[in-house]
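To start, the structure under review is shown below, and the notes come after it.
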Amino acid sequence: MKKNTVRALAVILLAGLALGPGQALAEAKAVKITAIVEHPALDSVRKGVIDELAAQGFKDGDAIAVEFQSAQGDVGIAGQIAQKFVGDGPAVIVPISTPSAQAVAAAAKGRVPVVFSAVTDPVAAKLVPEWKKPGANITGVSDLTPLDKQLDVVKRMVPSLKNLGVPYNPGEANSVVLLNKLKDVAQPKGITIIGAAAPSSNDVLQAGRSLVGKVDAMFVTTDNTVVSALEALVKVGTEAKLPLFAADTASVDRGAVAAVGFDYYDIGRQTGAIVARVLKGEKPGDIPVEGVEKLQLHLNARTAKAMGIALPEDLAKQAAKVVE
Amino acid sequence: MIDVQDIHVRFNAGTALEKHAVQGLSLTIPEGQFVTVIGSNGAGKSTLLNVLAGEVLPTTGRLMIDNQEVTRWPTSRRAGLVARVFQDPLAGTCERLSIEENLALALHRGKRRGLSRALHADQREHLRSRLAVLGLGLEGRMQDRMGLLSGGQRQAVSLVMATLTPPRILLLDEHTAALDPKTAAFIMGLTDRVVAERRLTTLMVTHSMRQALDHGNRTIMLHEGRVVLDVTGHERKGMRVEDLLHMFEKVRGQEVEDDRLLLG
Amino acid sequence: MSLIAFLGAIEIGLMYGLVAIGVYLSFRILDFPDLTVDGSLPLGAAVGATLIVAGVPPVVATLAGGLAGGLAGLVTAWLSVRLGILHLLASILTMIALHSVNLRVMGKPNQPLLGVDTVFTPFESLGLSPYWVTPVVLLGIVAAILLAVNWFLGSELGLAMRATGANARMARAQGIHTGWLTMLGIALSNGLVGMAGALFAQIQGGADITMGVGVIVVGLAAVILGEAIVSPRVIVIALIACVLGSIVYRLTVALALNAGFLGLQAQDLKLVTAVLVVVAMVLPGLRRKYAGSKAVAR
């Protein structure tokens, strides 16, 4: 292709992008969603949001126009996405995960409604001053897991529990928060938490092995890094007969013995419900931040046997799902 | 005055590759003398030069410049005393920088560098006049990158750089060897002029016996790390290359086989 | 593209422009491939954010971030110059070590900076739209730093530093302590990057341990893109080209975010960005000229 033809096409492309629509119809309310990275849990949050909105009458392409951008793990891009979204003048922005939420909060400067999701500790992240009445333009749903209930299940299935091993990524903000909260909750129960650092998913296997002989069971929080390498811990658990427990129910399908948790899809639907309220005119500042509501007990009978523990009858009856 | 006292240089001492490059070399060069140094490959010429320049530290022995001991001084520390023109025109200049920037670097040699401007207007004028003398038209191209110059032009500039601030000793390291005969002759003419004008103490290493006799006022020949010949004054004046050869063979009892040495 | 997105691209582009100047100093001036920046950017951010939250005035905290970055650079250069470790490896070692240091400084992987005073706060109360304040103030900061770096490179020490990178052996023969100058240069380079990190934390709403990933790539892309667009012959233009390249890169990201109507999806963002960078290089018709010309006196 001739040089000048290429140049001409280049100019047209750039002009199109610079001046072009970037966003659709004026009547449909714009709902902008972003996440720091694409990831099964975060993806199901998004699906939950869209499904809930559709269920409430806000269909994508009809009453609302949904746009999604992923920051591909890059904090700089997260910032530019936040700026683009704010500049588009949408009805609401839905950031999923803490770094995306912080970038959107910084760009919005109090002017655009923001409903975050999958942020473990929104107060520590300085998104809201308190849960009850956030007051400004930001509210959302936290994925803080019910650590209390989870520890109770672990103790029930491992009655001799004294030391609990927790592999985690010290570089993930949510994980560090959860580890500390776990220690607070465990102490009055007489359980000692022993953390094992895994800065990347490659390190998870080694972290798991380092806990063998030191702990009576392993526990995995909603740490993205560790959850992505769960199979490694299942292997350790089966080899060393060290039971593995998790905080989200999808992990039980993959091999954790039990989890009192939630499905990220349900968090998505909870978030979608709040978004619908904002679209109907409520101010985000008046809507309290919500925690996880729908909790389920999932059990995995097969791995329980492989890891050498018995499933108590009454628990099996309570469980929403038992994997054989 | 340069005083080399019983210098030994051993490379890779204690291994199979040990080389005794310079073996007990002593040499005194009075101020203003122009010494030419010849010798076959491996005779120790480059090593001697590197010891004087500070790029090689001698195993034993002392080096005094104007009664100050500089034996273990690194190159950068003795740069105020020693100036060097390399054989490779690329090695002695910064290709990336401009002509005037290279000259400015030479201007500050041996001085403390601070935050004042690297090149003032009046300094530029001074540099321009020094370049004009060369007759190569470089004074009109002072902002051109050094890399644009030919080998001969670069050596000429290197020579100017070496003599901008007069050094205690000027080291010429086969500085015309990489040039064609015509350019080499031009550079040698320039060298003679500059050395004479500024009365510089000079040590020139050359591979050519012809060149060694035609320039300077003293010639030494190195062989196996030692001075085997040292002629000056009257004895040297009437010498021809064949005479030099005979003297060498007499001292060493061997025939000189190095073609470059004979034919150069 | 909305005005906010445009100004936002300028803003982030200016901040990474500082990084590009730092990378220019190490890569181009000193010929020292320096990956430390992947660690010194978050270090500057961590120090700056932690100090601001502790009540230290934002300007002081930002400068402290720069100082911290400079120290990191000094470590790398020291490993290379004094211990003889290959420069690339030395920088990788420092970068790896900084991951732990940064976590220690913040005490956690993320330090939010929402709702606190930043270096931009005093200007926000002047009544201008906040979306203009940050880029304008940042422009002032970057311009001042650019001029300072240019002034330094024109001094005797600056010329000595350039000689160190151009021909170290010749530089030593001219009496230059190449070891000291390398340490000074790499410290300066990372000091700029550290300061950029501190500013970034204040713009983005927080310091995060993952901020540094890929910084060297973005910095290099900015330097090379700038050179392709502007073909600098003089140092000050070369420095401006670094900032320009950074801004152009960020504008292409902003444009790529608008490519939804082409049928492209979120995952295609980085591909689209790369294509647009090629477009940006083709447009001024300078790409061929750049490949042939090496006219810059660096």
Side-chain angles (χ1 to χ4, degrees), chain A residues 3 6-7 9-11 13-14 16-24 34-36 38 67-89 98-99 101-107 109 124-127 129 169-177 180 199, chain C residues 1-9 11-12 15-16 99-100 103 107-110 112-116 130-131 200 203-206 208-215 218 250-262 265-267 269-270 272-273 275-276 278-280 282-283 285 288:
Chain A
K3 198 63 175 299
V6 176
R7 291 232 204 106
L9 284 175
V11 174
L13 176 65
L14 283 179
L17 288 174
L19 308 167
Q23 205 26 53
T34 177
I36 186 69
E38 283 173 280
E67 182 186 348
F68 170 68
Q69 292 287 359
S70 156
Q72 325 277 343
D74 185 319
V75 174
I77 294 182
Q80 285 197 258
I81 292 176
Q83 287 156 350
K84 173 193 187 309
F85 280 359
V86 171
D88 289 341
T98 307
Q102 284 175 322
V104 167
K109 300 195 203 287
K126 293 248 175 84
L127 293 168
N169 179 356
E172 254 187 62
N174 293 348
S175 304
V176 175
V177 165
N180 290 333
Chain C
M1 180 189 327
S2 66
L3 184 61
I4 291 180
F6 178 74
L7 288 175
E11 189 179 287
I12 297 194
M15 184 232 98
Y16 271 104
H99 189 266
S100 307
L103 279 175
K108 48 191 165 159
N110 178 295
L113 272 185
L114 296 164
V116 294
Y131 295 108
F200 196 18
I203 298 172
Q204 276 281 83
D208 190 283
I209 196 74
T210 60
M211 270 172 127
V213 177
V215 166
V218 173
R250 287 297 154 183
L251 282 172
T252 62
V253 172
L255 285 174
L257 285 172
N258 273 3
F261 74 93
L262 285 176
Q265 296 180 328
Q267 304 95 302
L269 178 63
K270 288 198 167 166
V272 176
T273 308
V275 168
L276 286 176
V278 173
V279 165
V282 162
L283 213 45
R288 197 168 22 100

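What you see below is based on every heavy atom in this structure, not just the backbone, and it leaves out hydrogens, waters and symmetry mates. Letters go in sequence order (proteins before strands), and every chain restarts at 1.
With hydrogens and angles left out, the side-chain atoms of C/Asp208 and A/Gln102 include no donor and acceptor closer than 3.5 Å.
Interface check for chain A: of the options C/Pro109, C/Ser2, C/Gly205, the most heavy-atom pairs under 4.5 Å are formed by C/Pro109. Taking chain C as the reference chain and counting heavy-atom pairs below 4.5 Å, the highest number among A/Ala71, A/Pro170, A/Ala82, A/Pro99 is found for A/Pro170. Comparing A/Pro199, A/Ser175, A/Ala106 by how many heavy-atom pairs each has under 4.5 Å with chain C, the most go to A/Ala106.
A donor-acceptor contact shorter than 3.5 Å links the side chain of A/Gln69 to the backbone of C/Leu257.
Heavy-atom minimum distance, A/Lys84 versus C/Ala5: CA-CB, 3.8 Å. Nearest approach of A/Leu127 to A/Ala105, heavy atoms of both residues: CD2-CB, 3.8 Å.
The shortest side-chain heavy-atom distance between A/Phe85 and A/Glu67 falls under the 4.5 Å cut-off. Considering only heavy atoms from C-beta on, C/Arg250 comes within 4.5 Å of C/Val218 through its side chain.
Of the two parts of C/Ile4, the backbone and the side chain both hold a non-hydrogen atom closer than 4.5 Å to a non-hydrogen atom of chain A. With a 4.5 angstrom heavy-atom cutoff, C/Leu7 does not touch chain A via any of its atoms. With a 4.5 Å cut-off on non-hydrogen atoms, C/Leu3 does not touch chain A at all. For chain A, the nearby part of C/Phe200 is the side chain; its heavy atoms alone come within less than 4.5 Å. In this structure, chain C has heavy atoms under 4.5 Å from both the backbone and the side chain of A/Val86. Contacts of A/Ala124 with chain C are made by backbone atoms alone, with heavy-atom separations under 4.5 Å and no side-chain atom involved. Contacts of A/Ala107 with chain C are made by backbone atoms alone, with heavy-atom separations under 4.5 Å and no side-chain atom involved.
Remark: A/Ile77 CD1 to C/Ile12 CD1 distance equals 9.5 Å, nearest 0.5 Å.
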